[in-house]
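Single-structure report; data block below.
Only this structure's heavy atoms are used, side chains among them; waters, hydrogens and symmetry mates stay out. Here the structure is a predicted model, which means the values were calculated and not measured.
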Amino acid sequence: MTDSSNSLGSSASSYLRSARHQPVAWQEWGPRAFALAAQQDKPILLDIGAVWCHWCHVMDRESYEDATLASIINEHFVAVKVDRDERPDVDSRYQAAVSAISGQGGWPLTAVLTPDGKPFFGGTYFPREDRYGRPGFERILLTMADVWKTRRDEAVESAGSVLAAIEHNESFAGHGGSLTLEIANGMAASAIHQFDSRFGGFGSQPKFPHPAAIDLLLDVAARMGSEPARHAALFTLENMSRGGVYDQLGGGFHRYSVDEQWIVPHFEKMVYDNSELLRNYVHAFQSFAIPEMAAVAKDILRWMDGWLTDRERGGFYASQDADIDLDDDGDYFTWTRAEAAAVLSSEELAIAGDYYDIGELGDMHHNPKKNVLHIKQPLDTVVKRAGISPDRAAELLASARAKLLAERARRQTPFVDKTVYMSWNAMAVSAYFEAAQVLRLAEVRSFALLTLERLLAEGWSEDRGVAHVIAYPDGAAGHYIDGLLDDYAFLVHACIDGWLAAAEIKYYRSAMEIAGRMIAEFYDPEGGGFFDAGSSSRGDGSVLGALSARRKPLQDAPTPAGNSTAIAALLRLEALSGREDFRDKAQASLEAFAGVADKFGLYASTYALALERFLMPPLQVVVAGDGPESDALEAAALMPFAANKSVIRLSPAQIAGDLPPVLAETLPKLPQLASKKSFAIVCRGMSCLPPVTETEELLAYLRA
């Protein structure tokens with residue numbers, strides 16, 4: 001079979017293009033594939049994966065590159081391949097379907113559908129032959145083909161019940177109970193209950209970061225003085241940053257750890273994990289002034305700046321792959337003792353080997369000599385054992401790290417997917433703005449503004465709304481994909497953060513326009529809450545298969561849930577605009593989930609943070625003036641982190657200029673403006689305290 005029978009060669013998606021050479025007659029998701037299935041009366045074989053997904057590549061090589069299996073697939077099925085990053089709406093629905101069928105989800109997702117897209121069989125990775133306790137893929141294909149030919153009624157009936165289950169589960173109504181802080185505090189208590197007191201994190205292996213839960217704990221720790229919340233958040237952040245899940249040489253976090261000690265990760269790195277963890281470390285530094293937290297935040301920025309950013313145009317790339325090829329399992333990131341010894345002096349190896357636990361016996365199953373660098377013990381312990389001065393040990397460790405990183409740069413680098421997605425970019429923009437303000441990093445702020453300008457210029461228009469994909473790699477021209485709720489909600493937040501960072505009214509106005517479109521497209525005026533897919537795209541033929549199931553996402557999985565993010569965006573805008581209708585819709589949406597949110601525990605932490613915003617009056621601190629006095633006031637205003645607090649720095653000229661309505665009613669009338677001195681004003685809800693000029697007085701206000 002030639003490549004011409006595989007339609008993925010013209011795809012813009014990195015994941016789909018990686019399969020363009022396969023003998024399977026792949027189709028992209030769309031009306032053409034479904035029409036072909038109906039015309040040929042064949043079931044659809046659906047594969048959903050991602051370019052960073054190791055087991056997706058394994059299944060590609062074992063099965064989809066196998067001529068015998070390709071022949072079976074092409075004879076009995078219409079094969080459809082989907083990039084889960086490009087089409088999260090498709091992925092989320094079929095993940096729910098496969099979970100209902102098999103009790104598991106993940107990537108690669110493998111499903112068999114009726115020609116109209118209803119699933120009647122599904123799973124994740126299937127080996128070529130029977131092994132790992134899983135049936136071989138050839139046997140599955142032949143069985144499903146026979147089911148379609150000889151027991152079609154059973155398949156259709158099963159598919160109908162699966163789709164009905166998806167619609168029921170994804171369209172739940174959770175009205176019930178009142179909106180109180182007890183809900184948020186209870187969800188924080190749930191996270192503390194699942195906290196691993198030995199190694200940090202939540203639950204057992206595999207360990208995922210759960211950034212929203214960490215933010216919730218940091219907020220509760222500062223707001224209520226909760227020592228359990230403080231310990232759970234900080235101990236988790238400390239252990240993650242010292243583990244192998246953190247790239248000790250290059251910076252940045254891998255996606256998750258396969259073990260409970262955070263040592264051996266799945267090595268892919270995602271922009272969304274790193275942006276949200278960046279916020280965690282910034283927030284931890286805000287609240288507790290721990291230097292290590294600021295250092296990790298700056299190191300995340302170092303990696304993101306170097307690997308995941310378009311420095312010229314602005315924009316954040318999607319991910320970095322884990323591996324070079326299927327025979328590789330993190331080899332780019334790991335070291336044998338001999339490899340380290342070949343690069344380092346004996347003195348450097350003695351310190352770095354002890355500090356990073358580089359031994360003859362390593363951590364990787366495929367190659368037991370390979371070590372994942374992690375901080376096994378504090379440097380002062382290493383220093384005592386080595387019998388040298390702390391300064392000399394730090395010097396040797398720094399030179400060893402530099403040499404190892406330089407040597408690693410000579411290795412073949414795992415693939416970076418340079419697709420620019422709206423939602424993930426908006427998340428990163430907000431994280432960069434926060435880091436820039438708290439850590440006083442002007443270049444980080446400038447890049448966030450550059451990226452925000454690009455998102456608005458290339459990804460937002462009044463005619464088409466928000467786009468999900470801003471740009472594909474190498475300038476490839478892909479399909480226009482309508483933005484989902486996540487794209488809108490995170491972009492609203494990024495615009496608000498742009499206003500706070502630059503005090504340019506255009507960003508506030510963009511936030512208001514996009515929020516209005518978000519309400520029109522996604523808000524449910526009858527039941528409250530937001531659907532994940534917009535109403536205007538449902539009549540253009542894109543509602544195929546399980547896309548007919550309407551979803552109101554509440555669970556953080558793993559990015560913050562669309563509903564909670566949209567609710568928080570409306571509340572932030574209400575605090576600036578005074579628009580009571582924004583607050584009304586936020587309240588109706590919170591109430592829509594109030595009866596079920598606590599059942600999600602730490603997986604709905606973003607809901608708890610949004611609920612806090614609603615129940616606690618917004619706290620806005622405006623610092624007026626320039627110079628070191630204003631710098632000191634701004635630094636004081638930022639401490640500690642609070643979910644309902646925002647801090648903006650304005651010059652006297654900006655105060656006299658164009659401001660959002662709520663600020664315009666207060667700030668230009670302040671007599672202190674005439675004094676030309678720096679001052680801060682704290683507004684809680686719609687009332688403001690007298691301006692202050694001393695940091696201690698400001699801190700007293702904030703503590704009160």
Side chains of L278 and N274 in contact at under 4.5 Å (non-hydrogen atoms)
no

Given Y421, W52, W424, the one that forms side chain to side chain donor-acceptor pair (under 3.5 Å) with D85
W52

Going by atom types alone, do D299 and Y246 pair a side-chain donor with an acceptor below 3.5 Å?
yes

Does atom NZ of K418 have more than 12 heavy-atom neighbours, drawn from other residues, nucleotides or ligands, at distances under 6.0 Å?
no

Does V372 reach the side chain of M364, with side-chain heavy atoms less than 4.5 Å apart?
yes

Residue pair H210, Y603: steps toward the ring-ring contact (aromatic ring centres under 6.0 Å, His included) verdict
CA-CA 8 Å; H210 298 294; Y603 295 97; 5.2 Å; yes

Between D91 and R93, is there a salt bridge with N-O shorter than 4.0 Å?
no

Could you pull out the closest heavy-atom pair between A37 and I44, with the gap in Å?
CB-CG1, 3.7 Å

If every non-hydrogen atom of F530 is compared with every non-hydrogen atom of P553, which pair is closest and at what distance?
O-CD, 4.0 Å

Would you say F316 and V420 make side-chain contact, with heavy atoms under 4.5 Å?
no

Going through the distances and angles, do M240 and L277 end up as a side-chain contact (heavy atoms from CB on, under 4.5 Å)?
CA-CA 10 Å; M240 286 173 55; L277 287 165; 3.7 Å; yes

Might you point out which heavy atoms bring S14 and F415 nearest each other, and give the distance in Å?
OG-CZ, 3.8 Å

Check for me whether K207 meets the cation-pi criterion with W262, that is, NZ or CZ under 6.0 Å from the six-membered ring centre and within 45 degrees of the ring axis.
yes

Carboxylate-amine/guanidinium contact K552 D532, below 4.0 Å:
no

pair P119-V98: side-chain heavy atoms closer than 4.5 Å
no

So with a 6.0 Å cut-off around NE2 of H366, is the heavy-atom count from everything else above 12?
yes

With Q320, the side chain to side chain contact (heavy atoms under 4.5 Å, CB included) member among K269, H254, E268
K269

Would the number of heavy atoms belonging to other residues, nucleotides or ligands and lying under 6.0 Å from CG of D325 be above 12?
yes

If the threshold is 4.0 Å, N to carboxylate O, is there a salt bridge linking R454 and D310?
yes

Residues D41 and R152 bridged, charged N to O under 4.0 Å:
yes

Do we get K42 above F77's six-membered ring, with its NZ or CZ under 6.0 Å from the centre and within 45° of the axis?
no

D196 and E260: which non-hydrogen atoms are nearest, and at how many Å?
OD2-O, 4.2 Å

Salt bridge between D273 and R255, side-chain N to carboxylate O under 4.0 Å?
no

Could you tell me whether Y317 atom OH has more than 12 heavy atoms of other residues or ligands within 6.0 Å of it?
yes

Smallest separation among heavy atoms of T124 and T110, with atom names:
O-OG1, 2.8 Å

Going by the ring-ring contact (aromatic ring centres under 6.0 Å, His included) test, name the single residue among Y256, F208, F333 that passes it with H266.
Y256

Kindly indicate whether the side chain of Q205, heavy atoms from C-beta on, has any atom under 4.5 Å from the side chain of V258.
no

Can you spot which of E65, E138, E62 makes a salt bridge (charged side-chain N to carboxylate O under 4.0 Å, His left out) with R128?
E138

Please determine whether side chain to side chain donor-acceptor pair (under 3.5 Å) holds for the pair D486 and S423, giving the CA-CA distance in whole Å, both sets of side-chain angles, and the decisive distance to 0.1 Å.
CA-CA 6 Å; D486 286 7; S423 57; 5.4 Å; no

Can you tell me if R32 has over 12 outside heavy atoms packed within less than 6.0 Å of its CZ?
no

Would you indicate whether the side-chain heavy atoms of V51 and D83 approach each other to under 4.5 Å?
no

If the threshold is 4.0 Å, N to carboxylate O, is there a salt bridge linking D305 and R311?
yes

I'd like to know if E339 and K369 make a salt bridge, using a cut-off of under 4.0 Å between side-chain N and carboxylate O.
no

Taking 4.0 angstrom as the limit, do K149 and D146 come out as a salt bridge?
no

Cation-pi check for Y15 against R84: NZ or CZ below 6.0 Å from the six-membered ring centre and within 45 degrees of the axis, yes or no?
no

K403 atom NZ, neighbour heavy-atom count above 12 within 6.0 Å:
yes

Carefully, step by step, assess F137 and Y64 under the rule ring-ring contact (aromatic ring centres under 6.0 Å, His included).
CA-CA 10 Å; F137 198 40; Y64 296 132; 5.8 Å; yes

With a 4.5 Å cut-off on side-chain heavy atoms, are F126 and M59 touching?
yes

Decide yes or no on salt bridge (Lys or Arg N to Asp or Glu O under 4.0 Å) for D363 and K370, but give the supporting numbers first.
CA-CA 6 Å; D363 309 294; K370 279 281 192 176; over 6 Å; no

Note: G478 and A12 closest approach over all heavy atoms is CA-CB, 3.6 Å

Any idea how W29 and F34 line up, ring-wise: parallel (<30°), tilted (30 to 60°), or perpendicular (>60°)?
perpendicular

R151 and E157 ion-paired at < 4.0 Å
no

